[in-house]
Amino acid sequence: MSGPGARTAAAFARAADEQRAALVGYLPAGFPDVEGGIEAIKVLVDAGCDVIEVGLPYSDPVMDGPTIQAAAQQALDRGVRVSDVLRTVEAVAATGTPTVVMTYWNPIERYGVARFAADLDAAGGAGLITPDITPDSRTEWPVAADAHDLDKVFLVAPSSTDARIAMTTQACRGFVYATAVMGVTGARATTSELAGPLVKRTKAVTDLPVAVGLGVSNGGQAAEVASYADGVIVGSAFVRALLDHADDRVAGLRALAALTADLADGVRRA
Amino acid sequence: MSGPASVWNADEQGWFGEFGGRFMPEALVAALDELTVAWQGAMADQAFRAEFDTILREYAGVPSLLYDAVRLSEHLGGARILLKREDLNHTGAHKIRNVLGQALLTRRMGKTRVIAETGAGQHGVASATAAAYFGLECTVYMGSVDTKRQALNVARMELLGAKVVPVDSGSATLKDAINEALRDWVASVDYTAYLFGTAAGPHPFPSMVRDFTRGIGDEARAQVLELTGRLPDVVAACVGGGSNAIGMFTAFLDDLDVRILGFEAGGDGVETGRHAATIAGGDSGVLHGARTFILQDDDGQTIESHSISAGLDYPGVGPQHAHLAKSGRGEYLPVTDRQAMDALALLARTEGIICAIESAHALAGAFDVARDLGPGGLVLVNLSGRGDKDMETAIDWFGLGR
């Protein structure tokens with residue numbers, strides 16, 4: 001394994017120095033298969049993503065819409081394992097791009113929280129995004145993450161009270177994930193009017209970068225979000241690009257590169 | 001309803017010992033907090049409790065009867081068996097208590113829409129019924145595998161005015177219907193209440209559902225005392241998610257001489273891997289918002305459960321049951337499909353009662369206990385539902401009508 005990898009803070013700082021938002025790209029590991037997934041994520045890196053989220057496919061993804069569900073299910077149907085997720089992280093982190101794992105909680109608990117933190121660190125991973133736990137869920141994750149100085153990315157939502165935003169951001173390291181809409185993941189025609197006020201409330205209580213996720217699918221939307229957020233998170237649109245070219249991987253990767261370039265341009269336009 | 005604080009209850013954050021809690025997206029925390037406050041307020045409000053009792057009495061046929069199953073007891077030659085007849089409630093099961101409680105709370109909270117998940121359709125029908133009773137909009141999520149095999153219940157829900165949404169994701173069964181209902185709730189929480197069907201899920205659902213179903217045991221405890229002058233030796237109930245069981249057990253938890261027995265769906269046998277016995281055959285994990293016993297593989301992916309009884313066919317269990325099992329206060333044992341169907345037939349022939357296959361699991365387990373106890377023993381069984389819905393399964397199993 002490769003040893004400690006780049007952390008997300010550096011990528012957000014670099015983007016801030018360039019007076020732009022960071023582009024955070026998500027794809028699930030093992031989609032369409034493990035090697036194909038690594039290749040696809042490397043396209044995201046080459047075409048301009050500053051931070052990578054590797055999704056850990058899970059049988060009961062309550063926060064995901066149909067697009068990411070379909071990709072994760074395909075990965076599971078083909079037998080993807082947690083060890084494949086770590087292998088994907090290692091391959092992506094080796095590019096020097098900070099790589100976090102986005103995961104529902106039970107697989108981590110099953111793997112062993114301390115053991116996962118150690119193995120993620122050894123693979124060069126930067127940390128975890130944990131969409132179905134909150135800092136007050138009484139998990140071992142904060143302690144395990146601290147032992148390896150891993151990023152702890154918890155979510156804030158439009159429905160969060162100011163007190164919960166303060167509690168959540170205090171527990172975060174790396175960046176804060178702001179869910180822009182009340183709803184599941186998935187590309188949307190318009191960005192949410194809830195995102196701006198949420199980012200403002202979040203930035204009022206933390207100096208951490210605040211990245212906005214859920215719904216962005218093109219450069220125009222990325223530019224809009226980048227005007228008030230430190231990072232723009234894109235997931236379903238990338239998955240969609242691959243699903244739309246399921247029979248032709250080369251075309252899929254080309255579409256992925258073009259979409260990434262459009263989004264990377266968007267975060268620089270704000 | 002709720003008595004003095006019991007050591008068996010959850011703490012303020014919904015933890016029953018090491019089980020329960022709240023493993024949920026931040027987007028739903030505000031709604032769960034709002035629900036917690038509303039539920040606690042309602043439980044402390046005499047007017048709410050009085051209205052709930054009145055609705056149960058006048059609309060749902062509650063208190064249900066306690067029935068002395070003399071011929072069944074004689075046939076078995078063991079302990080005296082008493083049946084709590086929840087099968088006689090409106091809509092045919094204990095579940096009406098839970099949905100009427102939650103729907104009454106929904107109205108109190110000023111929300112206009114309810115959503116629910118359902119496996120076989122019983123909770124969906126109960127939810128649609130409660131929604132019609134209170135004039136609420138209702139959407140029910142049901143796995144597409146289940147909408148096909150339970151077409152009659154889909155029709156009942158639609159007749160009651162509910163919208164039934166088939167769920168194709170994952171295994172297209174109950175757990176996926178829960179996932180889809182949660183996804184709906186994240187997007188609609190301003191005006192929607194989630195009528196959760198069992199005493200599982202994130203805090204406050206396990207405690208709240210218990211409060212709405214505990215009338216089963218409160219009534220039964222008084223009825224048994226009146227009939228026999230003493231407490232039962234054993235209280236038995238089937239356990240899927242565990243709402244009928246916790247509803248029955250709660251009144252007896254502090255009666256330490258009363259054995260608490262939960263019977264899980266053993267399917268083809270726990271040793272075959274094809275079962276739904278999460279306590280006997282699973283281990284600790286997090287599913288649908290709580291830490292509890294679940295069926296999972298080495299990577300923490302949920303394993304599909306198997307049972308002849310759709311209402312017990314769930315790969316998790318309510319966290320209070322996990323706590324009762326771990327602490328030793330409750331004992332949880334598997335009953336196979338065959339044992340349950342044998343018990344169902346025996347009850348039908350000795351007493352003229354066709355119960356739900358779910359309830360037949362409790363019966364089958366109770367039969368063994370009654371034989372061990374022998375004459376002089378007293379066994380209370382929660383007959384949680386009636387068997388009309390299960391006739392197709394019974395036709396196939398017994399080869400009826402051929």
Side-chain angles (χ1 to χ4, degrees), chain A residues 56-66 69-70 72-73 76-77 79-85 103-112 116 130-139 154-161 163-165 167-168 177-186 194 214, chain B residues 11-15 18 20-34 167-172 175-190 192 201-203 283-292 294-304 315-316:
Chain A
L56 192 155
Y58 175 54
S59 53
D60 294 274
V62 295
M63 280 295 281
D64 285 313
Q69 280 181 50
Q73 190 61 48
L76 288 171
D77 289 345
V80 71
R81 301 292 309 265
V82 173
S83 53
D84 295 320
V85 176
T103 182
Y104 292 93
W105 185 244
N106 195 53
I108 304 305
E109 188 155 304
R110 183 67 167 176
Y111 193 92
F116 191 88
T130 47
D132 66 342
I133 60 170
T134 51
D136 52 351
S137 289
R138 292 196 203 169
T139 67
F154 293 102
L155 280 62
V156 293
S159 59
S160 302
T161 61
R164 286 197 63 83
I165 290 175
M167 181 276 291
T168 303
Y177 191 129
T179 50
V181 293
M182 288 300 285
V184 296
T185 57
L194 298 172
L214 300 181
Chain B
D11 70 13
E12 284 283 303
Q13 276 77 47
W15 287 90
E18 67 195 85
R22 190 186 275 172
F23 297 78
M24 272 280 122
E26 170 66 18
L28 285 173
V29 169
L32 292 165
D33 281 344
E34 179 194 17
V167 176
D168 286 320
S169 58
S171 55
K175 78 174 180 65
D176 308 287
I178 293 175
N179 295 338
E180 206 56 38
L182 285 168
R183 292 178 189 119
D184 179 317
W185 204 30
V186 172
S188 66
V189 67
D190 284 348
T192 300
H203 179 63
D283 48 21
S284 177
V286 172
L287 177 64
H288 292 144
R291 180 176 295 127
T292 184
I294 65 174
L295 303 182
Q296 59 184 327
D297 70 12
D298 290 343
D299 272 358
Q301 309 287 352
T302 310
I303 295 176
E304 255 185 88

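In this text, all values refer to a predicted model and were calculated from it rather than measured experimentally. Note that these values count all heavy atoms, side chains included, but never hydrogens, waters or copies made by symmetry. Note on naming: letters A, B, ... go to the chains in the order of the sequence lines (proteins, then strands), and numbering restarts at 1 for each one.
Interface remark: of the candidates B/D184, B/D283, B/I303, B/D283 forms the most heavy-atom pairs closer than 4.5 Å to chain A. Comparing A/L56, A/V62, A/D60 by heavy-atom pairs within less than 4.5 Å of chain B, the highest count is held by A/D60. Of the listed residues (A/P57, A/A157, A/S137, A/P158), the one with the most heavy-atom contacts under 4.5 Å to chain B is A/S137.
Side chains of B/Q296 and A/E109 form no contact here, defined as non-hydrogen atoms less than 4.5 Å apart. Within the 4.5 Å cutoff, the side chain of A/T134 has no heavy atoms near those of the B/M24 side chain. Looking at heavy atoms from C-beta onward, B/E26 lies out of side-chain contact with A/I165 at the 4.5 angstrom threshold.
B/E18 meets the side chain to side chain contact (heavy atoms under 4.5 Å, CB included) test with B/K326; sequence neighbours excluded. Listed by chain and number, the residues in a salt bridge (Lys or Arg N to Asp or Glu O under 4.0 Å) with B/D297 amount to none (sequence neighbours excluded).
Here the closest heavy-atom approach between residue B/R183 and residue A/D64 is recorded as NE-O, 2.9 Å. Between B/V186 and A/M63, the closest heavy-atom pair is CG2-SD, 4.3 Å. Closest non-hydrogen pair, B/A30 versus A/S159, comes out as CB-O, 3.4 Å. Nearest heavy atoms, B/S169 versus A/Q69: CB-OE1, 3.1 Å.
With a 4.5 angstrom heavy-atom cutoff, B/I294 touches chain A only via side-chain atoms. Looking at A/Y58, both its backbone and its side chain come within 4.5 Å of chain B, counting heavy atoms on both sides. With a threshold of 4.5 angstrom between heavy atoms, B/W185 does not approach chain A through any atom at all. Contact of A/I108 with chain B is not made at all, since no heavy-atom distance falls under 4.5 Å. Of the atoms belonging to B/R22, it is backbone heavy atoms, and not side-chain ones, that fall under 4.5 Å from chain A.
Distance check: A/N106 CG to B/R291 CZ gives 9.0 Å after rounding to the nearest 0.5 Å. Rounded to the nearest 0.5 Å, atoms CZ (A/R110) and CG (B/D299) are 9.0 Å apart.
Between the A/S59 side chain and the B/T302 main chain, a donor and an acceptor come within less than 3.5 Å of each other.
Counting only N and O atoms by type, the side chains of B/Q13 and A/D136 include no donor and acceptor under 3.5 Å apart.
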Original post:
Can A/Y104 and B/V286 be said to form a side chain to side chain contact (heavy atoms under 4.5 Å, CB included), step by step?
Top reply: CA-CA 10 Å; A/Y104 292 93; B/V286 172; over 6 Å; no
